[in-house]
Structures are given as structure tokens and as C-alpha cells.
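Side chains are part of it too, since the values below use all heavy atoms of this structure and drop only hydrogens, waters and symmetry mates. In this text the structure is predicted, and so the values were computed from the model without any measurement. Chain letters run A, B, ... following the sequence lines, proteins first and then strands; every chain starts at 1.
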Amino acid sequence: MKVTITEWHGAAYWRWNTDEDDDICGICRHSFEAACPDCQLPGDNCPPLWGECSHVYHMHCIHKWISQEASKGQCPLDRQPWEDKRA
Amino acid sequence: MSAIFAKRLQRELRELQASPPVGIAVETVNDSLKQWSIRIDGPEETLYAGEQFHLQFRFPEAYPLESPEVIFLDPVPVHPHVYSNGHICLSILYDQWSPALTIQSVCLSIQSMLSSCTKKQPPPDNQRYLMTAHRSPKDTAWAFHDDKV
């Protein structure tokens, strides 16, 4: 039998490659595949952000923490000075 | 109420009720999720075996970016780091708070603080502290100088 394909639709799926055991943000405890609690939609506008220390949080969550004086500018998990990892 | 506050607290409640650590149980949670009471059993084979204590957690709107207020309700354990008004001298509740800490990890720290106690006695400055203490322990300027007990 010979089949001729006349039309096709591609469908793709993507996820953040965060390498975390359970893929949740250590601050809000939501999945990286979901948005941080202040965003409606997951995706590029609410990305995970790595620190130089290799820990990862929602960008919005870690920036909220770092902007507080109580954070002393430290990563919540290892208390090292937080610096956004340069891509 | 901020979204991060409500969603994280709901999630923590669900997880604590589904799989509570040994000796820790959520007792009451008010409708706004702002105030919880949690039972903590004196761990076996420690000075507190057989005793039951109750922690009161109060969550600020900024939780988990800001620490919860955690105190012992009556009966307060007799412990070198627990004042008789229920205030607890434990750095993670104050200047060492991190949003990566959870209600469960705070309870486990307090349980471990009880477990490692070698002599039931109140803090040496208990009387002085009671005279000057604010209602909330978060308003105390804590000095932490002893990690041993």
C-alpha cells in the first residue's frame, strides 16, 4: 500500500531543564512548569533563574527575596551571596 | 492577601496533613490560614518523652519572605532556650530565617532542640526577659551565643 501524506501538523512540548530533584521553586514551592504565584501564565515571562551558587528559583521569587533587607543578599538554601548566573 | 502567601500555606498544610513527621501534627488552622496550632510530642528517649506541647504559628502577609512568629502555648517546655512566656530563642525564627525553610523544617528544628537538651532548666535570664519582653518574640533583639543545646 502506498500512502501519500498531503498535510501534517507538528506538535511540540517543552519544559524548563532545571535538573532539580522535584523541579519546584524553593521559595514558593510551585513547579517551575507553573508560574510563580504572582503570574497567571507560565513561560518566558516567568522563568527560572540560576544563581552562581547553582541554586534555582523563579526569577520573580528570588528577586523579591533579594530585594528585602532581611535576605542579606543571600541565597535561601546556602546563604552564599546571591548573584544571577550569567548565561 | 498576597497570592504567594495563600498558595504556599495551602500547599504546606496539604503536605503536613498527608505525611506528617513523627511526633508532629497540625491541630487547628484558622480560616485565613494566618494562625495555626501544631502539636509537638516530646521525642522518645529524651527528657521530654511523654509530654505534649503546642506551637502557635502566626504568618505575616509577606510569608515566606518574612518569618512566621512561633511561640509555645501553655504548657511551655522547661528548656534553656525557651522562656516561660513561650518565646523561643532559635536563630532561624529571626535573623537566620530563609524562605527555603518550611513549617515542617521549623517544627523539626524545635523537636531537635528539645531532643538535645541535657538538663531541664529555664534560660538563665528568664526573669529579666519577662520584664522587658514584647508581645511578639520577633520584636526581641536576640543574641545567639550557644548552638550546643
Colleague: Counting a contact as any heavy-atom pair under 4.5 Å apart, which residues of residues 62-70 of chain A contact chain B?
Modeller: A:K64, A:W65, A:Q68
Colleague: Inspect the surroundings of CG in A:N45 and state if more than 12 heavy atoms from other residues, nucleotides or ligands are less than 6.0 Å away.
Modeller: no
Colleague: Going by the rule side-chain hydrogen bond (donor to acceptor under 3.5 Å, both in side chains), which residues pair with B:E69 if we only count those two or more places apart in sequence or in a different chain?
Modeller: B:R58, B:S136
Colleague: The test is salt bridge (charged side-chain N to carboxylate O under 4.0 Å, His left out); show your working for B:E12 and B:K7 and say whether it passes.
Modeller: CA-CA 9 Å; B:E12 289 198 64; B:K7 288 186 186 169; over 6 Å; no
Colleague: Stepwise, does the side chain to side chain contact (heavy atoms under 4.5 Å, CB included) test hold for B:W142 with B:H87?
Modeller: CA-CA 11 Å; B:W142 294 95; B:H87 290 194; 4.3 Å; yes
Colleague: First locate atom OG of B:S115, then atom CD of B:E44, and finally report the distance between them rounded to the nearest 0.5 Å.
Modeller: 10.5 Å
Colleague: Ion pair present between B:D41 and B:R39, side-chain N to carboxylate O less than 4.0 angstrom?
Modeller: yes
Colleague: Non-hydrogen atoms of chain A under 4.5 Å away: do they reach the side chain of B:S67, the backbone, both or neither?
Modeller: neither
